[in-house]
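What follows is a single structure, written as structure tokens, with notes after it.
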Amino acid sequence: MPELAEVAYACSLWNRGLSRQIKAVHVSPTSRVFRDEDRKRFSAELAGKTLMKSETHGKQMLFTFSGDYWLGLHLGMTGSLHIKEKSHSPQKHDALLLFQAKQTLVFQDPRQFGRLRMHKGKHPPDWWTEQPVSMLSPKFTIEIVAHALNRHTKRPLKALLLDQRYFPGMGNWMADEVLWRANLHPNCRSAMIGPKEQKKLFSQILFVVHGAMKSVGTKGGDPPKKWLFHQRWKDGGTCPKSGVTLIREEIGGRTSCWSPDLQKLGE
DNA sequence: ATACCTGTTTCCCG
DNA sequence: CCGGGAAACAGGTA
């Protein structure tokens with residue numbers, strides 16, 4: 001269930017393994033999550049190291065190990081992290097198992113859209129340090145939103161919000177939640193947006209991102225009750241504000257959900 | 001059996 | 001070279 005806040009929560013699940021040594025490593029011989037990496041590196045280089053630190057940036061995770069080793073992890077669509085007993089035996093979709101003295105850190109991913117990377121060096125890898133400004137950072141300003149809008153005037157807002165170069169960590173449900181709160185139609189183009197809507201879009205991004213972190217990000221589970229989140233998956237879901245039946249349709253390549261009376265497409 | 005899916009990458013088009 | 005959109009990736013679930 002991987003968007004910004006869910007990724008943060010998933011990452012924290014491995015924190016029980018912090019300051020503990022990796023006794024042994026199991027690597028799936030077939031899972032696609034290793035992509036172009038040499039999967040032998042993961043077992044050869046992580047065995048014997050200690051997990052020192054975990055952090056997230058958008059949907060990306062970085063785990064720091066002793067000896068200047070770094071593990072990058074992306075959950076893709078169906079990836080998840082778990083803690084299992086120390087004698088956990090590899091299951092069908094287990095991509096990476098890190099065995100510790102008292103427990104096993106598990107990364108599983110049935111659809112294998114996730115991704116693992118290894119890095120060795122004194123400093124974090126480029127693919128980590130060169131990420132766009134986090135939406136949780138004070139440096140994430142309305143100028144970033146304005147820049148994205150100005151640069152992609154013909155893209156539906158929904159597709160733009162999902163662009164990780166500007167909004168790292170934004171996923172399908174968060175984008176719908178933001179647009180619903182900003183009263184903007186997902187198929188609206190940025191060319192049609194004035195400064196007032198821009199401001200609204202920016203402030204609702206902050207609201208949703210921080211609200212999601214406070215709920216989902218720290219406790220897991222679902223966002224607050226009145227959020228669109230709880231209505232957007234089912235046919236016949238209703239708008240939490242107005243009560244009308246929500247519309248679901250593919251926009252920007254993804255199923256989108258919006259309230260037809262609150263989010264109008266201006267002519 | 002069919003359709004659908006909280007994501008990214010690649011390919012193709014204008 | 002670009003911006004934008006569709007397809008591909010793969011398997012579980014309803």
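If you're wondering where the values come from, they're calculated on a predicted model, not measured in any experiment. Chain letters run A, B, ... following the sequence lines, proteins first, then strands; residues in each count from 1.
The distance between atom CH2 of A/Trp233 and atom P of B/dC5, rounded to the nearest whole Å, is 8 Å. At whole-Å resolution of the value, CG in A/Asp109 and C1' in C/dC9 are 11 Å apart. A/Met77 has its CE atom 10 Å from the C1' atom of B/dC4, to the nearest Å. The distance from atom CG of A/Leu160 to atom C1' of C/dG4 is 12 Å, rounded to the nearest whole Å. One can place CZ of A/Arg151 at 12 Å from C1' of C/dC1, the figure rounded to the nearest angstrom. Rounded to an integer number of Å, the gap from A/Glu6 CD to B/dC5 P is 16 Å. Between the CG atom of A/Leu75 and the P atom of C/dG12 there is a distance of 18 Å, rounded to whole Å. Put simply, CZ on A/Arg232 is 7 Å from P on B/dT6, counting in whole angstrom units.
The residues A/Glu45 and A/Lys49 are annotated as not salt-bridged, no charged nitrogen and carboxylate oxygen being separated by less than 4.0 angstrom. Salt-bridge check for A/Asp163 with A/Arg155: passed, with a basic side-chain N closer than 4.0 Å to an acidic carboxylate O. Salt-bridge annotation for A/Glu37 and A/Arg39: absent, with no side-chain N of the basic residue lying under 4.0 Å from a carboxylate O of the acidic one.
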Taking it one step at a time, do A/Arg32 and A/Asp109 satisfy salt bridge (charged side-chain N to carboxylate O under 4.0 Å, His left out)?
CA-CA 9 Å; A/Arg32 188 176 169 267; A/Asp109 184 5; over 6 Å; no
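In this structure, A/Arg189 reaches the sugar-phosphate backbone alone: every heavy-atom distance under 4.0 Å involves primed, P, OP1 or OP2 atoms, never a base. Residue-level contact check: A/Pro156 touches the backbone only, with heavy atoms under 4.0 Å from sugar-phosphate atoms and none from bases. A/Lys234 comes within contact range of no nucleotide atom at all, as no heavy-atom separation falls under 4.0 Å.
Taking atom P in both B/dA3 and C/dA7, the straight-line distance is 15 Å, to the nearest Å.
Listed for the A/Ser31 side chain is no donor-acceptor partner under 3.5 Å among the backbone atoms of A/Pro29. Formation of a donor-acceptor pair under 3.5 Å by the A/Asp176 side chain with backbone atoms of A/Cys257 is found in this model. Of the possible donor and acceptor atoms, one in the side chain of A/Glu3 sits under 3.5 Å from a partner among the backbone N and O of A/Met174.
Mapping A/Arg165 and A/Gly253 onto DNA chain C by nearest heavy atom places A/Arg165 closer to the 5' end of the strand.
Put simply, A/Gln112 has a side-chain N or O that comes within less than 4.0 Å of OP1 or OP2 on C/dG11. Residue A/Gln164 has a polar side-chain atom (N or O) positioned under 4.0 Å from OP1 or OP2 of B/dT8. For B/dC5, the OP1/OP2 oxygens have no side-chain nitrogen or oxygen of A/Arg254 closer than 4.0 Å. For A/His152, a side-chain nitrogen or oxygen approaches OP1 or OP2 of C/dG4 to under 4.0 Å. The side chain of A/Arg115 contributes an N or O atom lying less than 4.0 Å from OP1 or OP2 of B/dT9. Residue A/Thr78 places none of its side-chain N or O atoms closer than 4.0 Å to OP1 or OP2 of B/dG7. At C/dG11, none of the side-chain N or O atoms of A/His93 fall inside 4.0 Å of OP1 or OP2 (strictly under the cut-off).
Taking only side-chain atoms of A/Lys59, from C-beta outward, the nucleotide of C/dG12, B/dT6, B/dT8 with the closest atom is B/dT8.
In this structure, B/dT6 makes no Watson-Crick or G-U wobble pair, since no nucleotide meets both defining distances under 3.5 angstrom.
Ring pair A/Phe63/A/Trp14: centre-to-centre distance below 6.0 Å.
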Protein-nucleotides 12-14 of chain B N/O pairs under 3.5 Å:
none

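In this structure, the aromatic ring of A/Phe113 is not positioned over the six-membered ring of the base of B/dT8 within 5.5 Å between centres and 30° between planes.
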